[in-house]
Amino acid sequence: MGDTTAGPRVLLRRLRELMAEPLEPQERLDRIVREIARNVVAEVCSLYILRADSVLELYATEGLNPGSVHLAQLRLGQGLVGTIAASARPLNLSDAQKHPAFAYLPETGEEIYNSFLGVPVLRAGRTLGVLVVQNRTNRHYREDEVEALETTAMVIAEMIATGDLARLTRPGIELDLRRPMSFTGLPFNDGIGLGHVVLHEPRIVVTNLFNEDTDEELERLETALSSLRLSIDDMLSRRDVAFEGEHRAVLEAYRMFANDRGWVRRLEEAIRNGLTAEAAVEKVQSDMRARMLHMTDPYLRERMSDFDDLANRLLRQLMGRGPEDIAEILPKDAIVVARSMGAAELLDYPRHKLRGLVLEEGAPTSHIVIVARAIGIPTVGQVMGVVSMSENGDAIIVDGEDGRVHLRPQNDVEAAYAEKVRFRARRQKLYRELRDKPSETKDGVPVTLLMNAGLAVDLPQLEQSGAAGIGLFRTELQFMVALTFPRAEAQERLYREVLDAAGGKPVTFRTIDIGGDKVLPYFKGAGPEENPALGWRAIRLTLDRPGLLRTQIRALLKAAGGRELRLMLPMVTEIGEIRQAREIIDREVRHLSRFAHHLPTSLKLGAMVEVPSLLWQLEELMQAVDFVSVGSNDLFQFVTASDRGNTRVADRFDPLSVPFLRLLRQIVVAGEEMHTPVTLCGELAGRPISALALLGIGYRSISMSPAAIGPVKAMVCELPLAELTALMDDALANHGPVSDIRAVLHDFAEKHDIPL
Ligand code: PEP
Ligand code: MG
């Protein structure tokens, strides 16, 4: 390779010297383009930089008319330069003027040049500009020359990113890198967060770009690659870890990439051109990402994320870096930006510094989102591309109300949000005032508003929200955020803490509801399931693993000694399951009393109505339990056959529709007839409009996330219930075309001035 790579190496050395010299930015750029032109034996070398207004401005040139610098401009997509920027791909043309995209800029005097090579200036997959060389002759640039120019462009990208060129931009003009961007995702948890970006997996910043010794760098790369391959093989062969399904597929993909010859060859080539091993990884990754960003195939984009992760692992190997101590470097208004993350990882961030969470992935009921909701931070998910567009420390706004994210927001956007925050604060004040007022409708009907919880961090909310108790305590959350099965003592401690915090208010503990999408990494379950939502989960799983249930019940019985214990079983399908669970409970009670333990004063057993089969045995169900609670999230997914975690179908059907409301009413009516209390604890209870519908069909007790209590109570206090009940009876009666229940409810609320 000697001859063909000597050029780039010399060039990189010269660039390094130029970067170190104390030069004015324009002077530095001018010298850089001159150096490149000389090195690749081109008559012209020009650098165009992408501005925030999508214009590529000529920043420096050797060979073209110097008077056109900062004047010559092309729009993104316009001309050859604009095409390169828009596609993030190089163009190598021996007769540029024949290319259909060629646009002639008279001020530059470029008409005499025929051959043209342009490459995008990329950083983390973003296009920051275009670097071009031109010759008079009809020359075809060699592959290694293209590669060399790309490597040079990477150095320039670094210059742009470090803000070196900021002084060259005219007032009022911003570089694209600093451009404000807005994204639309899905609102996962309400609230507005203003703060600064903290990349959950910070891109490792490679500062050491130029290599001293190619062979040594090639060797470093080989060593890092070998240990990377080994560690992946190791993870794949570990039998004690439940790397099933998804996880395994990701690791298989890693292994495939780590052995991909094309990838390794490109890395080696970049090193031969003069980069360090880590700079080579970054360069190849950036090129790939830029190309993939233009693809729409979700499968390939997903594979790109895998590749990104792999490159990051390789960088860590090369730089010998472990995860940084996040607590120390965290700004006081941190907004965590991640592709995806585990629930436990979020809890590693100090809560008092967290202002929001932005995810490229996630579903409303995924673990990380449940935890984000539990600790009450505004969360937006499914925000495509946000990670590569963000830099640590960028200003950012998360709008968990509308599912929007504003990166590097302009002043007016920031001002609008500051106003929105003030407005929300006023509303919160109103909710606080409502907190101590009785929860009853305008016509005097009491309504019990309970809250959902699952972790110790939720408990202060009981007091702050004014909830009448905890209607659903999701005990599996403790299991989900742990690294191994929580021991009996840890379970008992948490349950005791919950009951102490409740201070006599009722708490309904649900026995662990794992399986489905709630997987425990340390628990080897049924293995990959074709339809996990319909699979081995919740009460089915705990009845088959009675040790699990017994330990939990014993912990609950002990924690509730001397007080009332309310227990609830998830995903009950037939009455026999309740009977079986009751036997296990009775046995534990007998066991504890034999050892003279302090037992609960009373024990109430309930079941969740989540599986449709229960709807045809409501009478038997109500006889078998002390209370029931409708899990509308699961019930709705089963009734409509639409996966609640699949964003394509989760919102496709409206729960506020005639069939689903008729069905919910049937349950509450059966409860009244059988004198069995009925509550509802799915997400439906937490939105004022759906809570309104529930009250209209007979529900008098509902359980929701703590933040929803204020808005729902504000609605309840203004509600003439008798009138609503008549309206809903009429709307759900069968007379012809099915009504639009949502519209009916909105009209009603508007007429009666009910805040929704
Ligand atoms: C439900 O299914 O409605 C419910 C409350 O349980 P989870 O969301 O925990 O499945
Ligand atoms: Mg459920």
Side-chain angles (χ1 to χ4, degrees), residues 188-189 343 362-374 449-455 458 467 469-481 507-520 531-542 552 566-573 577 606-615 627-646 650-651 653 655-656 660-661 663-664 667-668 678-687 690-691 693-694 699 701-709 712:
F188 283 165
N189 194 34
T365 51
S366 57
H367 315 162
I368 172 72
V369 174
I370 290 175
V371 171
R373 213 173 285 144
L449 302 181
L450 303 155
M451 69 171 233
N452 296 346
L455 294 167
D458 298 336
I470 297 179
L472 167 65
F473 191 88
R474 292 180 161 108
T475 61
E476 65 276 7
L477 291 196
Q478 185 190 19
F479 289 70
M480 280 161 54
V481 300
V507 178
T508 302
F509 290 96
R510 177 172 73 182
T511 60
I512 40 174
D513 184 10
I514 49 171
D517 76 324
K518 299 176 190 167
V519 282
L520 309 180
N531 293 300
L534 306 178
W536 195 52
R537 52 178 292 203
I539 188 75
R540 306 169 182 184
L541 188 152
T542 45
Q552 182 177 39
R566 295 170 58 85
L567 265 180
M568 177 157 79
L569 308 172
M571 289 286 294
V572 171
T573 310
E577 292 166 328
M608 291 195 71
V609 180
E610 300 181 281
V611 181
S613 73
L614 282 188
L615 299 172
F627 63 93
V628 305
S629 185
V630 180
S632 55
N633 304 339
D634 275 312
L635 186 58
F636 188 68
Q637 84 163 337
F638 297 133
V639 165
T640 57
S642 43
D643 182 347
R644 63 192 256 191
N646 177 340
D651 292 328
F653 306 106
L656 298 191
F660 197 59
L661 289 174
L663 172 162
L664 292 177
I667 304 168
V668 83
V678 174
T679 65
L680 183 143
C681 61
E683 303 305 310
L684 263 193
R687 283 177 218 109
S690 45
L694 293 173
Y699 283 80
S701 166
I702 48 180
S703 190
M704 62 203 80
S705 71
I709 303 255
V712 170

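Bear in mind that the values here come from a model prediction, so they are computed numbers and not experimental data. Whatever order the structure lists them in is the order used to number ligands and atoms, beginning at 1. We're numbering straight along the sequence, starting at 1.
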Separation of Leu684 CG from Ile702 CD1 (nearest 0.5 Å): 9.5 Å
Proximal atoms of ligand 1 relative to Glu610 (non-hydrogen, under 4.0 Å): 1 (C), 2 (O), 4 (C), 6 (O)
Distance in Å, Thr679 OG1 paired with Leu472 CG, rounded so as to fall on 0.5 Å steps: 8.5 Å
Nearest atoms (heavy-atom pairs only) where Met568 meets Gly471: CE-O, 4.0 Å
Verdict with supporting geometry, Tyr699 and Leu664, side chain to side chain contact (heavy atoms under 4.5 Å, CB included): CA-CA 9 Å; Tyr699 283 80; Leu664 292 177; 3.8 Å; yes
OG1 on Thr573 to CZ on Phe638, rounded to 0.5 Å: 8.5 Å
Any N/O pair Asp634/ligand 1 closer than 3.5 Å: yes
Contacting atoms of ligand 1, where contact means under 4.0 angstrom from a heavy atom of Leu472: 5 (C)
Closest approach of Asp513 to Pro570 (non-hydrogen atoms, all atoms of both residues): CG-CB, 3.8 Å
Arg510 to ligand 1, any heavy atom closer than 4.0 Å: yes
Closest contact, heavy atoms only, Trp536 versus Leu541: O-CD1, 3.5 Å
Atom of Gly686, atom of Met704 and distance for their closest heavy-atom approach: CA-CB, 3.6 Å
Pairing of Asp458 and Arg474 as salt bridge, 4.0 angstrom limit: no
Atoms of type N/O/S from protein, distance to the Mg ion (ligand 2) below 2.8 Å: 2
Under 4.0 Å to a heavy atom of Asp513 - the qualifying atoms of ligand 1, by number: 10 (O)
Close approach, Glu683 and ligand 1, non-hydrogen under 4.0 angstrom: no
Per-atom contacts of ligand 1 with Arg644, taking only distances under 4.0 Å to non-hydrogen atoms: 2 (O), 7 (P), 8 (O), 10 (O)
